[in-house]
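What follows is a set of notes on a single structure, which appears directly below.
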Amino acid sequence: MNLELTDKVALVTGASRGIGRAIARLLNDEGCRLALVGRRKHLLHEVAEELAKTTDKTSLVLAEDITAPDAAARIKSAVLESFGRLDILINNAGGSRPIVDGLGSPHEWEDAMRLNFDAGRNLTHALIGTMQAQKFGRIINLTGSEEPISLNAAMPPNGATDIWSKSLSRVVAKDGVTVNCISPGIVHSEQIDERVFPSEEDQQN
């Protein structure tokens, strides 16, 4: 396919595995210049090496914990220094947080909100001014189900992300920037297989 993305600069969080890695592959195939963000540097380099086999572009690898207070500022600085702009932001990093002990601890709920809502919001707010200035930007937030089958601390952040995204879109649409959410459903990925459906029986059911 041709999505007319050649030489657009795209940043993908959670790019080392699963959906994020698949998104990076697709954007690479469409000719984007990529910034790959994740915590595990060796896996990011593995992705960058894989992508380099099919393009003459070199991906920017940023090993960052996006929940760290100053991560958004560091990522922004690195992206603008390397590319001078950002056209597409994919807020993919996140993780299911099944509550297995009672109603869950305050730490479990706060950790889920930090990762699944605060981190993407902070990164977006850090970078959106660049998109507004150039009168173009695409922000895509990967969320998840809001129909719980059990208590899961990752689900309230999904709802928060949806509402925030809609609100933000009202502010930045006039500047040529769109904000959308995608709920991809349950797929085989490292964190889903380990946290939600850890056994073959669970996965079959």
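Please read these numbers as outputs of a predicted model, since none were measured by experiment. Start at 1 with the first residue, then count along the sequence.
With F83 as the aromatic partner, K8 does not meet the cation-pi criteria of under 6.0 angstrom to the ring centre and within 45 degrees of the ring axis.
Side-chain contact between M131 and L86: present, with at least one pair of heavy atoms (C-beta onward) separated by less than 4.5 Å. P184 is listed as a side-chain neighbour of I19, based on a closest heavy-atom distance under 4.5 Å. Contact check for L115 versus R97: side-chain heavy atoms found under the 4.5 Å cut-off. A 4.5 Å side-chain heavy-atom check between I139 and I128 finds at least one atom pair inside the cut-off. No side-chain heavy atom of I99 sits less than 4.5 Å from a side-chain heavy atom of N152. The shortest side-chain heavy-atom distance between L89 and N141 does not fall under the 4.5 Å cut-off. Considering only heavy atoms from C-beta on, W109 comes within 4.5 Å of P156 through its side chain. Looking only at side-chain heavy atoms (C-beta outward), L36 and L11 stay at 4.5 Å or farther from each other.
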So R25 and E50, side chain to side chain contact (heavy atoms under 4.5 Å, CB included) or not? Walk me through it.
-> CA-CA 9 Å; R25 286 194 195 108; E50 174 190 337; 2.4 Å; yes

Test N28 against T54 for side chain to side chain donor-acceptor pair (under 3.5 Å), laying out the working first.
-> CA-CA 8 Å; N28 180 72; T54 60; 3.0 Å; yes

Please test L151 against L103 for side chain to side chain contact (heavy atoms under 4.5 Å, CB included), starting from the C-alpha separation and ending with a verdict.
-> CA-CA 8 Å; L151 203 57; L103 299 179; 4.1 Å; yes

Let me see the working for V79 and L62 under side chain to side chain contact (heavy atoms under 4.5 Å, CB included), right down to the final yes or no.
-> CA-CA 9 Å; V79 169; L62 298 173; 4.1 Å; yes

Could you please spell out the steps behind the side chain to side chain contact (heavy atoms under 4.5 Å, CB included) verdict for L123 and I75?
-> CA-CA 8 Å; L123 188 55; I75 292 169; 3.9 Å; yes

Determine, stepwise, if the pair Q134 / D87 fulfils side chain to side chain donor-acceptor pair (under 3.5 Å).
-> CA-CA 9 Å; Q134 67 198 23; D87 302 297; 3.2 Å; yes

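Scanning for side chain to side chain donor-acceptor pair (under 3.5 Å) contacts around D29 gives an empty result, with sequence neighbours left out. Shown here are the ring pair (Phe, Tyr, Trp, His ring centres under 6.0 Å) partners of H125, two or more places apart in sequence or in another chain: W164.
Here the straight-line distance linking atom CZ of R85 with atom CD1 of I88 works out to 10.0 Å at 0.5 Å rounding. Distance check: L60 CG to L44 CG gives 10.0 Å after rounding to the nearest 0.5 Å. To the nearest 0.5 Å, atoms CG (L51) and SG (C32) are separated by 11.0 Å. The CG atom of L26 lies 8.0 Å from the CD1 atom of I23; values are rounded to the nearest 0.5 Å. Annotation: the span from I90 atom CD1 to L34 atom CG amounts to 9.5 Å, rounded to 0.5 Å. Of the inter-residue distances, the one linking K76 atom NZ with N122 atom CG reads 13.0 Å to the nearest 0.5 angstrom.
The environment of K41 atom NZ is sparse: at most 12 non-hydrogen atoms of other residues, nucleotides or ligands sit within 6.0 angstrom. Crowding of K174 atom NZ: a count of heavy atoms from other residues, nucleotides or ligands under 6.0 Å exceeding 12.
Using a cut-off of 4.0 Å between Lys/Arg side-chain N and Asp/Glu carboxylate O, R40 and E46 are scored as not salt-bridged. Between R74 and D70, at least one side-chain nitrogen of the basic residue sits less than 4.0 Å from a carboxylate oxygen of the acidic one, meeting the salt-bridge criterion. Using a cut-off of 4.0 Å between Lys/Arg side-chain N and Asp/Glu carboxylate O, D65 and R39 are scored as not salt-bridged.
The cluster map of Ile, Leu, Val, Met, Phe, Trp and Tyr, joined by side-chain heavy atoms under 4.5 Å apart, puts I182 and V177 in different clusters. Cluster annotation: I140 and V12 are assigned to the same hydrophobic cluster (Ile/Leu/Val/Met/Phe/Trp/Tyr, side-chain heavy-atom contacts under 4.5 Å, transitive). Residues V9 and V47 do not share a hydrophobic cluster, clusters being chains of Ile/Leu/Val/Met/Phe/Trp/Tyr side chains in contact below 4.5 Å. Follow the hydrophobic side-chain contacts under 4.5 Å out from L27 and you never reach V37; the two are in separate clusters.
The nearest pair of heavy atoms linking A72 to A126 is CB-CB, 4.0 Å.
When each of N158, I163, T161 is tested with C181 by the rule side chain to side chain contact (heavy atoms under 4.5 Å, CB included), just one qualifies, namely T161. Checking T124, T143, T13 one by one against N91, the side chain to side chain donor-acceptor pair (under 3.5 Å) holds for a single residue, T124.
The backbone N or O of L3 lies less than 3.5 Å from a partner atom in the side chain of E30, making a donor-acceptor pair.
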